[in-house]
K.L.:
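Dumping the structure here so I can ask a few things about it.
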Amino acid sequence: GSTHTSVALVHSTMVFFNFSSPFFASPFIQKYGCKRLCIFANMLSALGFSISAVSPNLPFICLGYGVFGGIGLGVSFLASIVQCNEYFEKKRSLAIGLAMCGSSLSILIMAPLSNYTLELYGWRMVVWSYVLLNLSCLVWAVLLRPLKMQQEMERGYTVESTALTQVPNSTPTIIPYMELSELSNTPANVLPTSNALPT
């Protein structure tokens, strides 16, 4: 019994949050990493689609499908692309281009499949299929591996809590920022710095 305009608002809300959420989520990638953020985002979008699948009215559908679903899809896409950026060096632009094309190709495939499911089982079953797809993306999110830290270890650095320590020789060790009062208790070869990697 809803108008076409009010129903279209659901998808418009999802597109808005899908494209705007990466801007706000980018700082969390530095803090939590692509893997954790992608897992969280897929769970959020699956929860949002689940809410919309059982919603009794349009505002709940807009909240679940539009807000939660849009944020989850946008953040998981951002985390995947950032992680893909770390996997390649020589042909990085080609790899990211293929990943972006894969996203567009999935949209092209999902449109007729969703329409076919809609005609057979109704719109709620279509949304439940989106829930299953988001849960399957959790498997791919778990497989994400941060390679930057691994490359640093291969070049002779080990990770100890928040500090990078150079292994081969006893050159200055990188530690987090310290107060001046703490410098008197530190060894001579330890220099405070601000998250800069040794050259």
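In this chain, residues are counted from 1 in sequence order.
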K.L.:
Does Asn42 use its side chain to pair, donor to acceptor, with the backbone of Cys38 at less than 3.5 Å?
P.N.:
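Yes: the side chain of Asn42 pairs with the backbone of Cys38.
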K.L.:
Do Trp123 and Val10 share a hydrophobic cluster, counting only Ile, Leu, Val, Met, Phe, Trp and Tyr and linking them when any side-chain heavy atoms are less than 4.5 Å apart?
P.N.:
yes
K.L.:
Can you hop from Phe17 to Phe28 via hydrophobic side chains spaced under 4.5 Å?
P.N.:
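Yes, Phe17 connects to Phe28 through the hydrophobic network.
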K.L.:
Between Ser12 and Phe16, does a side-chain contact (heavy atoms from CB on, under 4.5 Å) hold up when you go through it step by step?
P.N.:
CA-CA 6 Å; Ser12 300; Phe16 170 76; over 6 Å; no
K.L.:
Is it true that atom CE of Met110 has more than 12 heavy atoms of other residues, nucleotides or ligands lying nearer than 6.0 Å?
P.N.:
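More than 12 within 6.0 Å, yes.
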K.L.:
Please report the interatomic distance CE(Met125) to CG(Leu118), rounded to the nearest 0.5 Å.
P.N.:
11.5 Å
K.L.:
If you define the side chain from C-beta out and look only at heavy atoms, does anything of Phe19 sit under 4.5 Å from Met14?
P.N.:
no
K.L.:
Can you list the steps and then say if Phe40 with Lys35 is a side-chain contact (heavy atoms from CB on, under 4.5 Å)?
P.N.:
CA-CA 9 Å; Phe40 170 76; Lys35 181 177 180 178; over 6 Å; no
K.L.:
For residues 53-74, dump all side-chain donor-acceptor pairs below 3.5 Å to protein atoms at least two apart in sequence or in another chain.
P.N.:
| from | atom 1 | to | atom 2 | distance (Å) |
| --- | --- | --- | --- | --- |
| Ser55 | OG | Ile51 | O | 2.5 |
| Asn57 | OD1 | Phe60 | N | 3.3 |

K.L.:
For Ser129 and Val126, indicate whether the former's side chain and the latter's backbone hold a donor-acceptor pair under 3.5 Å.
P.N.:
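Checked: pair present.
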K.L.:
Mind checking side-chain hydrogen bond (donor to acceptor under 3.5 Å, both in side chains) for Ser6 and listing every partner two or more places apart, or none if nothing turns up?
P.N.:
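Once residues adjacent in sequence are excluded, the partners of Ser6 under the side-chain hydrogen bond (donor to acceptor under 3.5 Å, both in side chains) criterion are Thr3.
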K.L.:
Show me the side-chain donor-acceptor pairs of residues 131-140 shorter than 3.5 Å, one per line, residues at least two apart or across chains.
P.N.:
| from | atom 1 | to | atom 2 | distance (Å) |
| --- | --- | --- | --- | --- |
| Asn134 | OD1 | Ser45 | OG | 2.5 |
| Asn134 | ND2 | Tyr130 | O | 2.8 |
| Ser136 | OG | Leu133 | O | 2.6 |

K.L.:
With rounding to the nearest 0.5 Å, note down the distance linking OG in Ser80 to CG in Leu37.
P.N.:
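CG of Leu37 is found 9.5 Å from OG of Ser80.
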K.L.:
Would Leu144 and Tyr87 satisfy side-chain contact (heavy atoms from CB on, under 4.5 Å), going step by step from the backbone distance to the final call?
P.N.:
CA-CA 10 Å; Leu144 292 178; Tyr87 287 159; 4.0 Å; yes
K.L.:
If you round to the nearest 0.5 Å, how far is NZ of Lys91 from CG of Leu98?
P.N.:
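Here the rounded value is 10.5 Å.
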K.L.:
Please check if Leu113 and Leu108 belong to a single hydrophobic cluster, counting links between Ile, Leu, Val, Met, Phe, Trp and Tyr side chain heavy atoms closer than 4.5 Å.
P.N.:
yes
K.L.:
Which atoms form the tightest heavy-atom contact between Val7 and Ser2, and what is the distance?
P.N.:
CG2-CB, 3.9 Å
K.L.:
If you measure from CG on Asn85 to CZ on Arg92, what distance do you get to the nearest 0.5 Å?
P.N.:
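Taking CG in Asn85 and CZ in Arg92, the distance rounds to 4.5 Å.
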K.L.:
Just how far is it from atom NE2 of His11 to atom OG1 of Thr13, taken to the nearest 0.5 Å?
P.N.:
10.0 Å
K.L.:
Tell me whether Val82 is reachable from Phe88 by hopping between hydrophobic residues (I, L, V, M, F, W, Y) whose side-chain heavy atoms are closer than 4.5 Å.
P.N.:
no
K.L.:
Grab the two heavy atoms, one from Ala79 and one from Ile29, that are nearest each other, plus how far apart they are.
P.N.:
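Closest approach of Ala79 to Ile29: CA-CD1, 4.2 Å.
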K.L.:
Which value, rounded to the nearest 0.5 Å, describes the distance between Ser52 atom OG and Leu47 atom CG?
P.N.:
9.5 Å
